Structure formats: C-alpha cells, structure tokens
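Beneath this line is the structure, given in structure tokens, with notes to follow.
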There are 2 protein chains.
Amino acid sequence: MERVFEALASTARRKILAYLNQGELTAGEIGARFEFSKPALSGHLRILEGAGLIERDKRGQFVYFRLVPDKLVNTLFAWAAEVCPTAGPLKRESRARAQRKAKAR
Amino acid sequence: MERVFEALASTARRKILAYLNQGELTAGEIGARFEFSKPALSGHLRILEGAGLIERDKRGQFVYFRLVPDKLVNTLFAWAAEVCPTAGPLKRESRARAQRKAKAR
DNA sequence: AATGTAGTTAACGAATTCATTAACTATGGA
DNA sequence: TCCATAGTTAATGAATTCGTTAACTACATT
C-alpha cells in the first residue's frame, strides 16, 4: 500500500497508468509518449510493477506492460474506506462512479 | 490534483488524515501522536491544507484542523475512474484489440 | 508587564527522487 | 556472424523532500 502511494506520487507514472488503461503497450510505445530517456522510463515501470499496479510480459524482442486489473481501485478503496467518513461521501461517490461507468457504455 | 497525490505520498500525512477522520483535532493533539518535532508537523499540515484535504480554524490559542468533507474521496475516485480498466464492454473491446495486435505478428 | 503555551517561519543538513549518459544483455534479421 | 533494435543496469549529479534546532508571533494567565 505504501508502494502504491509512492508510485502515484509521480505525474509521469500516473500518466503511464492512464495510457495503459487503453490497453497493453510495449515499453517503447509508452516511451514514445514522453520526452525523457529510456532508462528513466524503465525506472518508472519498475516502480509501478513493484507497487503491483502493472505487470510485464516479455514476448520476443519486446516487453509488454498492462494494468493489473482492479489493483489500483481496490487499494484506493480499501484505504479510503478506513480514512474517510464512511457514512456519507464514500457511498455517494461510489454511486456516482457506477453512474459514470454506466454512462460510458 | 497534483497536490493531492503529493500529499498522500507521505505515510505520516496519510496517518494524519486517518486521525482527523475521528474528528477535529488541534495541531498539538495531532503532534502528540507522532515522534517528530512541531515544525515537522506544521509542514505536513501546510501541505495537506495546500492540497485542499484539510482546513484550519484558529480559535483562541489553538488551531483546529479537520478534513474537508468529500475532498479526498472525490479527487481520488474521479481520477481513478479515468485511469482504471473500465468494466464491461469497453474492457472487452480493449482486450480484443490487444489480441488482434498479437495475431498480426 | 511577565511568563508559559501553541504554533509557525527560517536556516540548514541528510536522505531520497529523478533525470542523465555510458555500457551492457537479449532478440531479430541481413 | 554481424549489426540494429528493445530494454535494463550502473554510475553520477541536480533537485526535492523531510527532518532538525533556533528564533519568532500570538494568545492566555498571573
């Protein structure tokens, strides 16, 4: 849990997660969306993987990365459930989220 | 939003939020729950306030801190809703695209 | 006015983060 | 085998974070 929040502290890493939400991407394809160097990207990916937020799959020459399903949301929910006033906002937001999702179909 | 994630990156600050969930506390009461110095605490509180997660209310000699209702949960899940694997049809479509890609090699 | 308590600000140092370049491993193709 | 591409590891340096102590402001009590 510690590691998840550390991972999310970086704007670049949050963007990577957003890109991976679209679907699986190779390291190179992710890197093409940023300015920084390959080693920098490699570090970010290692941190996200260490947090359990993404997983890697090496196929031939390429390394594919994808989100670990539900991991992010589960962690955030589990933590927020402890920290937030549970009676009101969490439930309300939960409903709102379900509605946004439904709308997206 | 940036500031919210920066604020959450610190274990101490996440604990402070958890304490404030119980209800309003003075800076001193919060400080009593930690080892570190008063200036250190003051810095954490400033960061949490800057992120809009807590608000302060000076009454006489004391400064009371409390959670800004809904702010944390709203920010967190508004963001997560964009980044997380969307459930249902969208997700299936995403997978299908990944498979087409894999097949194309 | 004098003193004590609550809290912040300032200045500084240690540790960590985040990026870089250079060198390496591994796969694929000529 | 030779070379190009994909990616990681190592070493390094700049910037930021996080803590400290010392000094300050504000309020309350005597």
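Just so we're clear, the structure is a prediction, and the values are computed from it rather than from any experiment. A, B, ... follow the sequence lines: proteins, then strands. Residue 1 opens every chain.
Ring geometry, A/F34 versus A/Y19: the interplanar angle exceeds 60°, so the pair is classed perpendicular (tilted spans 30 to 60°).
Picking from C/dA22, D/dG7, C/dA6 the nucleotide with the shortest atom distance to the side chain of B/K38 gives C/dA6. For B/Q61, whose side chain is taken as the heavy atoms from C-beta onward, the closest listed nucleotide among C/dA19, C/dG7, D/dA28 is D/dA28. Here the nucleotide nearest the side chain of A/F62, chosen from D/dG7, D/dT8, C/dT20, is D/dG7. Side-chain proximity of B/S42 to the nucleotides C/dT20, C/dT8, D/dG19 is greatest for C/dT8. Of all nucleotides listed (D/dG7, D/dT20, C/dA19), D/dT20 comes nearest to the side chain of B/F36. When each of D/dG19, C/dT9, C/dT20 is scored by its nearest atom to the side-chain atoms of B/R46, the top-ranked nucleotide is C/dT9. Considering only side-chain atoms of B/K58, the nucleotide from D/dG7, C/dT9, D/dC27 that sits closest is D/dC27. With D/dA10, C/dA10, C/dA6 as the choices, the nucleotide that has an atom nearest any side-chain atom of A/P39 turns out to be D/dA10. The side chain of B/R13 lies closest to D/dC18, out of D/dC18, D/dT20, C/dT8.
Protein atom CD of B/E35 is 13 Å distant from nucleotide atom P of D/dT21, rounded to whole Å. To the nearest angstrom, P of C/dT17 lies 14 Å from CD of B/E6. As a whole-Å value, the separation of B/F5 CZ from C/dT17 C1' is 18 Å. The distance between atom CZ of A/R3 and atom C1' of C/dT17, rounded to the nearest whole Å, is 15 Å. Between A/H44 atom NE2 and C/dC18 atom P there is a gap of 7 Å when expressed in whole angstrom units. If you measure from atom CG of B/L41 to atom C1' of D/dC18, you get 13 Å, rounded to the nearest angstrom. Rounded to a whole Å, the CG atom of A/L8 is 12 Å from the P atom of C/dC18. The CG atom of A/D57 sits 14 Å away from the P atom of C/dT27 (whole-angstrom rounding).
Listed for the B/D57 side chain is no donor-acceptor partner under 3.5 Å among the backbone atoms of B/V63.
Contact check on B/E2 versus A/R14 returns a salt bridge, with a Lys/Arg side-chain nitrogen under 4.0 Å from an Asp/Glu carboxylate oxygen.
Within 4.0 Å of B/R56, counting heavy atoms only, lie sugar-phosphate atoms of the nucleic acid but no base atom. Here B/A40 lies in heavy-atom contact (under 4.0 Å) with a base.
Note that A/R59 lies in the cation-pi zone of A/Y64, set by a 6.0 Å cut-off to the ring centre and a 45° limit from the axis.
In terms of phosphate contacts, B/S37 brings no side-chain nitrogen or oxygen within less than 4.0 Å of OP1 or OP2 of D/dG19.
For the pair B/F65 and B/I54, the minimum side-chain heavy-atom distance is below 4.5 Å.
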